[in-house]
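Lettering follows sequence order; numbering is per chain, from 1.
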Amino acid sequence: MLPDHNLIPHLIHQCTLIEINKVAENWYRLKLQAPAAAAYAEPGQFVHLRAGSASDPLLRRPFSIHNADSRANEIWLLIRVAGKVTSALAGLSPGGIINILGPLGTGFPVPDDEGSALLVAGGIGLAPLYFLTLRRQAAALPTELLLGGLTGNALPDDSFFFRDGVHPLIATNDGSRGYRGTAADLLEMRLQSGIRPTRIFACGPVSMLARVVELGRNCGLPVYVSLESFLACAVGACLGCAFPFKTDDHIEYRRVCRDGPVFSGEEACFELV
Amino acid sequence: MLPDHNLIPHLIHQCTLIEINKVAENWYRLKLQAPAAAAYAEPGQFVHLRAGSASDPLLRRPFSIHNADSRANEIWLLIRVAGKVTSALAGLSPGGIINILGPLGTGFPVPDDEGSALLVAGGIGLAPLYFLTLRRQAAALPTELLLGGLTGNALPDDSFFFRDGVHPLIATNDGSRGYRGTAADLLEMRLQSGIRPTRIFACGPVSMLARVVELGRNCGLPVYVSLESFLACAVGACLGCAFPFKTDDHIEYRRVCRDGPVFSGEEACFELV
Amino acid sequence: MNLFDASLTVNLAGISLANPLIAASGCYGYGFDYRRWIDPGDWGAIVVKGTTLRPRTGNPPPRLVETPSGMLNAIGLQNPGIDFFLKSIRPQLPELQCPVLVNIAGETLEEYRQLAAILNSVTEVSGIEVNISCPNVKRGGVSFGGDPALVEELIGLVREVYRLPLIVKLSPDAGNIVSVAEAAWRAGADALSLINTIKGMVIDVQKRRPVLGNITGGLSGPAIRPVAVRAVWEVSAAVSIPVIGMGGIMQADDALEFILAGACAVAIGTANFINPAVAREISQGLRQYLCDHGFSHYRELIGAARP
Amino acid sequence: MNLFDASLTVNLAGISLANPLIAASGCYGYGFDYRRWIDPGDWGAIVVKGTTLRPRTGNPPPRLVETPSGMLNAIGLQNPGIDFFLKSIRPQLPELQCPVLVNIAGETLEEYRQLAAILNSVTEVSGIEVNISCPNVKRGGVSFGGDPALVEELIGLVREVYRLPLIVKLSPDAGNIVSVAEAAWRAGADALSLINTIKGMVIDVQKRRPVLGNITGGLSGPAIRPVAVRAVWEVSAAVSIPVIGMGGIMQADDALEFILAGACAVAIGTANFINPAVAREISQGLRQYLCDHGFSHYRELIGAARP
Ligand SMILES: Cc1cc2nc3c(=O)[nH]c(=O)nc-3n(C[C@H](O)[C@H](O)[C@H](O)COP(=O)(O)OP(=O)(O)OC[C@H]3O[C@@H](n4cnc5c(N)ncnc54)[C@H](O)[C@@H]3O)c2cc1C
Ligand SMILES: Cc1cc2nc3c(=O)[nH]c(=O)nc-3n(C[C@H](O)[C@H](O)[C@H](O)COP(=O)(O)OP(=O)(O)OC[C@H]3O[C@@H](n4cnc5c(N)ncnc54)[C@H](O)[C@@H]3O)c2cc1C
Ligand SMILES: Cc1cc2nc3c(=O)[nH]c(=O)nc-3n(C[C@H](O)[C@H](O)[C@H](O)COP(=O)(O)O)c2cc1C
Ligand SMILES: Cc1cc2nc3c(=O)[nH]c(=O)nc-3n(C[C@H](O)[C@H](O)[C@H](O)COP(=O)(O)O)c2cc1C
Ligand code: FES
Ligand code: FES
């Protein structure tokens, strides 16, 4: 982790795009040359990114760190095309320049024991959980990745995962790949089958997260969720990314960018967003 | 010339950039696939251009038609990097898409006689005068092109011209190429040597145009100038591109985009801009 | 549903429009300049350039400067005056094949009254838009538009002499745009246009002087859209006459923002400069939206974002 | 001339700043969040987040939305309140190594007075910025800022209890920004900050409802720069206290526009979100400009665009 108040100017990088591949319908994987980010990145952290210099689009955009290789000085991003900046990114060629801030935010809790984990990814929520999977597997911690998508080609194919030694359990809404259902359905199935991990980690749409938290609560298992919000500063200064949490019956706003994006799911008020 | 009120939807083109070359310090020549513009273009007319779709930069930018080949469906532009859009254009690669409106504006008067002409270009003012030179040479009308630049490499080299059979008389401010002086100095020299063309055509900075008009006036020669202004609509609707002219002692504003860009220089009030 | 079942017709304060898209004043000349790119009949209506009693030379150049996602203009109401309009432009208006409105501006209350009285008998003109919000003239313009009592008096005078649809055009520079809107409504306006441009300026840091000949100009384009949508939202809740929304509309989604905020029709200015076929594209986009979301008339969308 | 001969120091209403760049309120937290990227000492001063008497939870999300060349925010003055500030933040302020000002906001005149009275004895705080222009709160905020008489009363009350530099922050939403500025000046303000954000809104056309939880928000960023420069131009001609200019400053040329228009110092908000090192880059750019144009102090540039 980075010391908070140390002046580390290379945390603004002009990165070179090394490689870009389409890995699923509307999904692209980008490999960036980014030494400082690669050195410090922890699963669940993100970079705040800008391509170009025009004032429209004005703000940076946050993307989870999808993998980091500190020896090669590289980080990976996994991006789903959603609008202006993501389409511009999808159109970049190797050699293109991307400006990033980061790594930012509070990631997933570092495993303090030898516990096992279920990771529940809805769609592009895979991005940060993949990094967590790799880090946990490297530390030989028992880890099971559950992944849901709308349909088969909305998710990367098997080679994407197998190359890294990852073997996710997959479900699709239309049943065209893996089980028929959602990532939360997979979780329910695993819990019903008696699996009791030490922790659950989840990233995906709000409705999915709400259900995952409830399933965890029913089994008395702690759930960590990676939340989204529209960010401006991404460093905790503007209070724009507030997410509501309930403490002692009153609402309190926490900053997705700094207090999170990873939070204990227990108190998050999903019904208010 | 285009009939004014005919609905010709292909006058908005998505053009493909065919070729782009650096032809001098900060100058680029672009060849575009643009059938309608190529078919109708007259020397002195321009296209109003946009690359990209973001709202910054918002407005189109005008560029003179530098050459048009109606058989190949191509037009050429000659662009000097001055700011946002011109630098973006300079960075394009063949295959890039540029959206153009045009041809627009009132160009140089079509020669109605077999008269001779002196064409006076200051720097990038070469762009429209080059097209005029080629058209006049093709019609075997006596034409002499005078070209001024700051220094040698601020102008295209000889092969640029010779390939098209153009042989300009060149002057540079520092004397590093051709005569030492400006394009207006060249004109003065030619007039002093007794040359009396039927018309003078000029394009370049305002201070140069003012001097060319005065030199013409002293010899009783009509001078046509291609003027610049910041344009918005480029079709005559917004009155934003007004240039002041003096008629019977009062100031009247004419539209650079529609009444011009080519005007008789006699009444233009260069001192007011 | 078929795309053409989705109806865009609207009756705006008594004027029937084929669609809710209006060419904004000052951005469309007298309606003829864009005919190479778009049939004027593709518009619901066209509002012609601000017209004054006497011809106006306009402001010295430069009159335009680009700003981030916007532009400033300081045309200064250059126009040939009402007499020229009647003699030379009026006879051609039927060619436009859509309703034409005249935007009028005066330096005194009396000038507004006279202009309205003259246009009252001009059958080629379907209505007037009273411009009390031009930021680019020394007298008149926005100086009238800031004071509700003065607005009420002015529009009352105009209403007395003008029987056809009367639209009042407002600017957020007034500060209290809702009070001004209410004053215009009380005085008998049939509809309100908002917003006019917002006063701004750019300084040339190399020359160390303002870029525009007039020093300040009016800001238009996407930059002002959020301010304009908010003005429509607030005003349409306060008055019960139709509101025409404008300010930075570039595409169908932008027009929808205004309609959902409460506008009955929308006007398009700056976008014409970037895309001369914008009106046709936006009508198509609106039809598509209606189809996709199962509405049969865009009227169902007016103000629909209000809880 | 050497780059470092070009001096950027300024005495702003009694506060010595190493350079004329101020971190704008609400965009820089309490000054500590950006320390990974820039030394707080690179700023001339830092204005902390709007502070109220009691803690405020702030507005429901979403609180942000991007707009063309701008953004809307509706934070709703979320802050831990003045007591927390005094207890937990005040002791750390000296670490920032530059003057710190506190932006204060109240729901009543009395709340403003109390806040000012409390801060009057806080030596770590060099001055206060009285926010009478926040568009994002139901009570107080811009509702105070539109009425010159009320502003004169409010600032008069604050002035009575506050002896250190007192800055008043204005918004163009008031309409008559010059009258409001004059009122603040008469009441004893030492300097004026302008502009605060402009009220705007965005509608989500898919969901058919306003994007922001608070419905409306405040527009900041380059989109508003022309409006802000014009406000500085007009106000700095009308008052003889220093004006701090802000609104969409992204680079040195933008800061120069404000200075040439009459600002003695400039504040930077939104640009920090895009480039956390913006203050350092702008100081360098200002020095470069002074060198290139043969000025020895940027003071020579203040108001230099005025004929
Ligand atoms: C901490 C964090 C990590 C993220 N990690 C990833 C990642 O690894 N991969 C990935 O593909 N995406 C990720 N996202 C989401 C990503 O930031 C947005 O998809 C992106 O900003 C969209 O930018 P755009 O310009 O393409 O879309 P825009 O043109 O800005 O918007 C397109 C649509 O998406 C909506 N939208 C934009 N941003 C958000 C947001 N943050 N939350 C919800 N809706 C939004 C807009 O309102 C609009 O409707 C992450 C978001 C956060 C907060
Ligand atoms: C009819 C016409 C024909 C033209 N033909 C050519 C041509 O063939 N080749 C060519 O290189 N250029 C030509 N120009 C000029 C060209 O349009 C501008 O250089 C271009 O718009 C600059 O755009 P930009 O975004 O790169 O610069 P910006 O970032 O917009 O501006 C850079 C600087 O140039 C100034 N500027 C921008 N546009 C103009 C303008 N129109 N007049 C004066 N100053 C301006 C700005 O104020 C600023 O200081 C022509 C202009 C007109 C009106
Ligand atoms: C060049 C130009 C000239 C304008 N002239 C007038 C005018 O004469 N009368 C008027 O009421 N509004 C005038 N306007 C304002 C527009 O009609 C419109 O209200 C404003 O530009 C906002 O819309 P937009 O962002 O779509 O351009 C003018 C705007 C521009 C850009
Ligand atoms: C997220 C955000 C929060 C803000 N909070 C405050 C505030 O608490 N008090 C205040 O006076 N201004 C506040 N402002 C306004 C800024 O201080 C500044 O006046 C405005 O944003 C214009 O400058 P800019 O375009 O550089 O951001 C806020 C602005 C933003 C973007
Ligand atoms: S985005 Fe600014 S505090 Fe989180
Ligand atoms: S640019 Fe609009 S009239 Fe010339």
Measure the [atom1]-[atom2] distance between [X] and [Y] for me, rounded to the nearest 0.5 Å.
X	Y	atom1	atom2	result
T67(D)	I224(C)	OG1	CD1	12.0 Å
R306(C)	I215(D)	CZ	CD1	8.5 Å
Y289(D)	R208(C)	OH	CZ	4.0 Å
R225(D)	I203(C)	CZ	CD1	11.5 Å
D173(C)	D173(D)	CG	CG	10.0 Å
I198(D)	I198(C)	CD1	CD1	6.0 Å

(request) Name the member of K207(D), M250(D), M201(D) that forms the most heavy-atom pairs with chain C at distances under 4.5 Å. (result)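 Ranked by contacts with chain C, first place is M201(D).
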Contact origin within [X] toward chain D - heavy atom pairs under 4.5 Å:
X	result
I177(C)	neither
P172(C)	neither
L256(C)	both

(request) Heavy-atom pairs under 4.5 Å with chain D are the metric here; pick the option from G200(C), P307(C), A231(C), G70(C) that has the most. (result)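 Ranked by heavy-atom pairs under 4.5 Å with chain D, first place is G200(C).
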(request) Please determine, among I259(C), L260(C), L301(C), the option with the most heavy-atom pairs under 4.5 Å with chain D. (result)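 It is L260(C).
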(request) With a 4.5 Å heavy-atom cut-off (strictly below), which parts of residues 270-279 of chain C touch chain D? List them by number. (result)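 Residues in range: none.
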(request) Give the C-alpha distance, both sets of side-chain angles, the deciding distance and a yes or no for side chain to side chain contact (heavy atoms under 4.5 Å, CB included) between V205(D) and E257(C). (result) CA-CA 6 Å; V205(D) 300; E257(C) 273 199 70; 3.9 Å; yes
(request) Test V229(D) against V202(C) for side chain to side chain contact (heavy atoms under 4.5 Å, CB included), laying out the working first. (result) CA-CA 7 Å; V229(D) 172; V202(C) 171; over 6 Å; no
(message) Quick check on L72(D) against chain C: is it the side chain, the backbone, both or neither that has a heavy atom closer than 4.5 Å?
(response)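 Side chain of L72(D) only, per the 4.5 Å heavy-atom cut-off to chain C.
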(request) Search all heavy atoms of P68(D) against all heavy atoms of S69(C) and return the closest pair with its distance. (result)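 Of all heavy-atom pairs spanning P68(D) and S69(C), the closest is C-OG, 3.5 Å.
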(request) Kindly say whether A305(C) contributes a backbone atom to a donor-acceptor pair with the side chain of R209(D) at under 3.5 angstrom? (result)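 Flag not set: sc R209(D) to bb A305(C) has no pair under 3.5 Å.
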